[in-house]
Enquirer: 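Just passing along the structure, written as structure tokens.
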Amino acid sequence: MAFLSGNEAIAQGAWEAGAHIGVAYPGTPSTETMEEFAKKDDVYAEWAPNEKVAVEVAVGAAAAGARVLATMKHVGVNVAADPLFTASYTGVNGGMLVLAADDPGMFSSQNEQDSRFYAHAAGLPMFEPSDSAEARRFAHDAYELSERFDTPFMIRTTVRTSHAKTVTEVGEREPVAVKPYEKDPSKWVMMPAFAKPRRVVQAARTEALNAWVDECDYNVREDRSTEIGIVCSGACYQYVRDAMPDASTFKLGVVWPLPKKSLEDFAAHVDALYVVDEASDYLSSHVKALGIHVADFVNPLPTCGEVSPLAIEYAFGKPLPPHEEMPGDVPGRPPALCPGCPHRPVFKELSRLRAIVTGDIGCYTLGALPPLSAMDTTLDMGASISMAHGFELAMAGTEHRPIVGVIGDSTFGHSGLSSLLGTAYNRGTGTICILDNRTTAMTGQQGNPFNGVTLQHRVSREMNIERVVKALGIEDVQTVDPHDVAAVRAALKAAIANDDLSVIVFRAPCVLLDKKNRKPACEVTNACTACGSCIRIGCPALSRDAGNGSALIDPDLCIGCGDCAQYCKFDAIRVPVVKGADNA
């Protein structure tokens, strides 16, 4: 037995089933799954540039006969949808499992979406575990089922099942040989002449899955009171058991396809059937589509965000318990860039320039928040460059503020490169800032093509951003240390003044990469005039003295980067000189 998170359990189940290869792009709440899989014996695992590439690598490995695991967060399924839908036609050779980790409540995501709709649309069977024990079992069993039904299997989790730890059985690894590959264009070459008969194969497979799902033991019916029956899946099952301990439940372990006959039998057993879901109407709409009557709640469940036991009790008519409002004097704790973050001076200077800044997904999205308030848009991975081009097109021929796209190194490799290719190809203008902090920081310092660090620390190639950009025909390419405020300011002004497309690579490592060798904290001297210039860069280590308003530096937070000192007009901040180290 072991105490595992859902992510760890999926990695364990895949490993026990003899999975040979793992491919992923990191994204919360899925990241730890591939990180844990990579630690296992006798496996190969890698970070792909993006989720589409990850699934294509996985389909290739499965076609060649290996058992393979691909993992991503829910928005990554959007990127991977192209190969996923067609993989439902081709099927597999070796078993293939795809994790889609959803994020109801948007704890670390730009939207809420329900990946179960993808399983339905693509015709791919999908498991949804309610705890880590089921996560391990479902992941393990998915490989044999994938090979039996000749299709990739999906497994859907939410943030609670991904990260919560429960007691889980663990086993030994099963030795599974790579299956031989046999040439068969009618199966693997999806041009219309071959895709049409494979569509018929897919339809026949769906019929077989419909029969299987009514007989399998992954869906669990629990008969209690016949007054109320509740259909649910995943983490919602845990909430239902807390809120309605006497109700009968039908816990769906397979959420596509649904077991029609079993659900009809369950509905006939209870006086009223309800469906509990979160941030989606997937289950209720699909249960209704089976012709099963679903009762209305006394009060509606939340239509967005996570469900809770309290929300379920309220939905069934139980009044909300009395509660006190939060005191108005409790200070807010908004997220902020880390002390010493190399992105801060870039956003400060963009704010001073009153630029229109199209942003991207990553730590630097926090540049949108006060006091920097330097970002105008964030849409999806790679959108900063494409949207900057759109702004330029719409504002062409008018006097307008500078338009600057901001993207990180990992996101540039994910999808920004193709966006920049489009802008360069179409003779776009404007300024693109690539914030190269030498890692994929927000998801936990993973490797990417532009720092050359692989998941299992194999020998690799470190891609050179400047050379890649110049290869696109972009001539104005600068490399700047973002901790040199004067250089940042000069580079941005020069790029904005350029009538052609300009790219600035701001390169400095994330402060979390090497926390042991940080510099001593900066110090405020008596020369401080309480002007507040340093405070306005938004560093968490800086605050004001409650008495005289002068600057204060928290020595436990300050890493000695010296960014604040460069904004002080009175030389009132002392940056300790460290022998053998660079000082801003």
Enquirer: Would you mind listing every ring pair (Phe, Tyr, Trp, His ring centres under 6.0 Å) that reaches into residues 311-333, with sequence neighbours excluded?
Expert: Tyr274-Phe316, Phe297-Phe316
Enquirer: Scan for side-chain hydrogen bond (donor to acceptor under 3.5 Å, both in side chains) pairs involving residues 7-19, sequence neighbours excluded, and state none if there are none.
Expert: Ser5-Glu8, Asn7-Glu32, Asn7-Thr33, Gln12-Glu16, Gln12-Lys40, Glu16-Arg136
Enquirer: Check whether any side-chain N or O of Ser418 sits under 3.5 Å from a backbone N or O of Ser415 as a donor-acceptor pair, and report yes or no.
Expert: yes
Enquirer: Can you give me the closest heavy-atom contact between Ala19 and Val43, atom names plus distance?
Expert: O-CG1, 3.6 Å
Enquirer: Could you measure the distance from the CG atom of Leu379 to the CD1 atom of Ile361? Nearest 0.5 Å is fine.
Expert: 7.5 Å
Enquirer: Are the charged groups of Glu134 and Arg137 less than 4.0 angstrom apart, N to O?
Expert: no
Enquirer: Give, for atom NZ of Lys318 and atom CD1 of Ile312, the distance between the pair rounded to the nearest 0.5 Å.
Expert: 12.0 Å
Enquirer: With distance as the sole test, does Thr71 use its side chain to make a donor-acceptor pair with the main-chain N or O of Ala24 at under 3.5 Å?
Expert: no
Enquirer: Could you walk me through whether Ile292 and Phe266 pass the side chain to side chain contact (heavy atoms under 4.5 Å, CB included) check?
Expert: CA-CA 10 Å; Ile292 298 171; Phe266 180 66; over 6 Å; no
Enquirer: Checking Thr157 now: which residues fulfil side chain to side chain donor-acceptor pair (under 3.5 Å) with it, not counting sequence neighbours?
Expert: Ser162
Enquirer: Under the salt bridge (Lys or Arg N to Asp or Glu O under 4.0 Å) rule, what pairs show up with a residue in residues 284-309, not counting sequence neighbours?
Expert: Arg160-Glu306
Enquirer: On a heavy-atom basis, which atom in Leu301 and which in Ala311 lie closest, and how many Å separate them?
Expert: CD2-O, 4.0 Å
Enquirer: For residues 41-54, which residue pairs qualify under side-chain hydrogen bond (donor to acceptor under 3.5 Å, both in side chains), counting only residues two or more places apart or in two chains?
Expert: Tyr44-Glu46, Tyr44-Arg458, Glu51-His414, Lys52-Glu56
Enquirer: Within the side chain of Ser88, is there an N or O that forms a donor-acceptor pair under 3.5 Å with the backbone of Leu124?
Expert: no
Enquirer: Take Val92 and Thr151 through the side chain to side chain contact (heavy atoms under 4.5 Å, CB included) test and state the conclusion after the steps.
Expert: CA-CA 5 Å; Val92 299; Thr151 182; 5.9 Å; no
Enquirer: Are Gln202 and Arg199 linked by a side-chain donor-acceptor pair shorter than 3.5 Å?
Expert: yes
Enquirer: Could you walk me through whether Asp380 and Val75 pass side chain to side chain contact (heavy atoms under 4.5 Å, CB included), step by step?
Expert: CA-CA 9 Å; Asp380 67 345; Val75 287; over 6 Å; no
Enquirer: Heavy atoms, side chains only, cut-off 4.5 Å: are Ile155 and Pro129 in contact?
Expert: yes
Enquirer: Whether the side chain of Glu222 engages the backbone of Thr249 through a donor-acceptor N/O pair (distance < 3.5 Å, no angle test) should be reported.
Expert: no
Enquirer: Strictly by ring pair (Phe, Tyr, Trp, His ring centres under 6.0 Å), give each pair with a member in residues 124-161 just once, sequence neighbours left out.
Expert: Phe127-Phe138, Phe127-Phe153, Phe127-Tyr218, Phe138-Tyr218, Phe149-Trp212
Enquirer: Taking the basic N atoms (NZ, or NE/NH1/NH2) and the acidic carboxylate oxygens, is any pair closer than 4.0 Å for Lys251 and Asp131?
Expert: no
Enquirer: Kindly compute the distance separating OG (Ser30) from NE2 (His163), expressed to the nearest 0.5 Å.
Expert: 8.0 Å
Enquirer: Would you say the side-chain atoms of Ser384 and Tyr364 include a donor-acceptor pair closer than 3.5 Å?
Expert: no
Enquirer: Which pairs count as side-chain hydrogen bond (donor to acceptor under 3.5 Å, both in side chains) when at least one residue sits in residues 276-285, sequence neighbours excluded?
Expert: Asp114-Ser280, Arg116-Asp277
Enquirer: Please name all residues satisfying side chain to side chain donor-acceptor pair (under 3.5 Å) with Thr365, sequence neighbours left out, ordered by chain then number.
Expert: none
Enquirer: Residues in ring pair (Phe, Tyr, Trp, His ring centres under 6.0 Å) with His74, at least two apart?
Expert: none
Enquirer: Please determine whether side chain to side chain contact (heavy atoms under 4.5 Å, CB included) holds for the pair Ile10 and Phe37, giving the CA-CA distance in whole Å, both sets of side-chain angles, and the decisive distance to 0.1 Å.
Expert: CA-CA 9 Å; Ile10 290 170; Phe37 182 78; over 6 Å; no
Enquirer: In Å and rounded to the nearest 0.5 Å, what is the NE2 to NE2 distance from His286 to His120?
Expert: 4.0 Å
Enquirer: Does a side chain donor of either Asn437 or Thr439 reach within less than 3.5 Å of an acceptor in the other side chain?
Expert: no
Enquirer: Going by the rule side-chain contact (heavy atoms from CB on, under 4.5 Å), which residues pair with Asp242 if we only count those two or more places apart in sequence or in a different chain?
Expert: Pro309
Enquirer: Judged by atom type as modelled, is there a donor-acceptor pair below 3.5 Å linking the side chain of Asn219 to the main-chain atoms of Leu252?
Expert: no
Enquirer: Verify, without hydrogens or angle tests, whether Arg156 (side chain) and Asp102 (backbone) share a donor-acceptor contact under 3.5 angstrom.
Expert: no
Enquirer: Any idea which heavy atoms bring Leu69 and Met34 closest together, and the distance?
Expert: O-CE, 3.6 Å
Enquirer: Within the side chain of Ser130, is there an N or O that forms a donor-acceptor pair under 3.5 Å with the backbone of Ala235?
Expert: no
Enquirer: Using a 3.5 Å distance criterion without hydrogens, assess whether the side chain of Ser132 forms a donor-acceptor pair with backbone atoms of Thr168.
Expert: no
Enquirer: State whether a side-chain donor-acceptor pair under 3.5 Å links Asp246 with Ser225.
Expert: no
Enquirer: Would the distance check show the side chain of Asp376 and the main-chain N or O of Val357 forming a donor-acceptor pair, the cut-off being under 3.5 Å?
Expert: yes
Enquirer: Please check if any side-chain donor atom of Tyr25 sits under 3.5 Å from a side-chain acceptor atom of Ser410, or the reverse.
Expert: yes
Enquirer: What are the two closest heavy atoms between Gly416 and Ile385, and how far apart are they?
Expert: O-CD1, 3.4 Å
Enquirer: By side chain to side chain donor-acceptor pair (under 3.5 Å), which residues pair with Ser262, not counting sequence neighbours?
Expert: Asp214
Enquirer: Taking all atoms of both residues into account, what is the closest heavy-atom pair of Ser109 and Lys73, and its distance?
Expert: OG-NZ, 2.9 Å
Enquirer: Can you pull out every salt bridge (Lys or Arg N to Asp or Glu O under 4.0 Å) where at least one residue sits in residues 252-275? Sequence neighbours excluded, please.
Expert: Lys260-Glu264, Lys261-Asp265
Enquirer: Please check: side-chain N/O of Asp103 versus main-chain N/O of Ser108, any donor-acceptor pairing under 3.5 Å?
Expert: yes
Enquirer: Quick check: do Asp150 and Lys187 have side-chain heavy atoms less than 4.5 Å from each other?
Expert: yes
Enquirer: Restricting to non-hydrogen atoms, name the atom on Ala135 and the atom on Gly6 that form the minimum distance, rounded to 0.1 Å.
Expert: CB-O, 4.0 Å
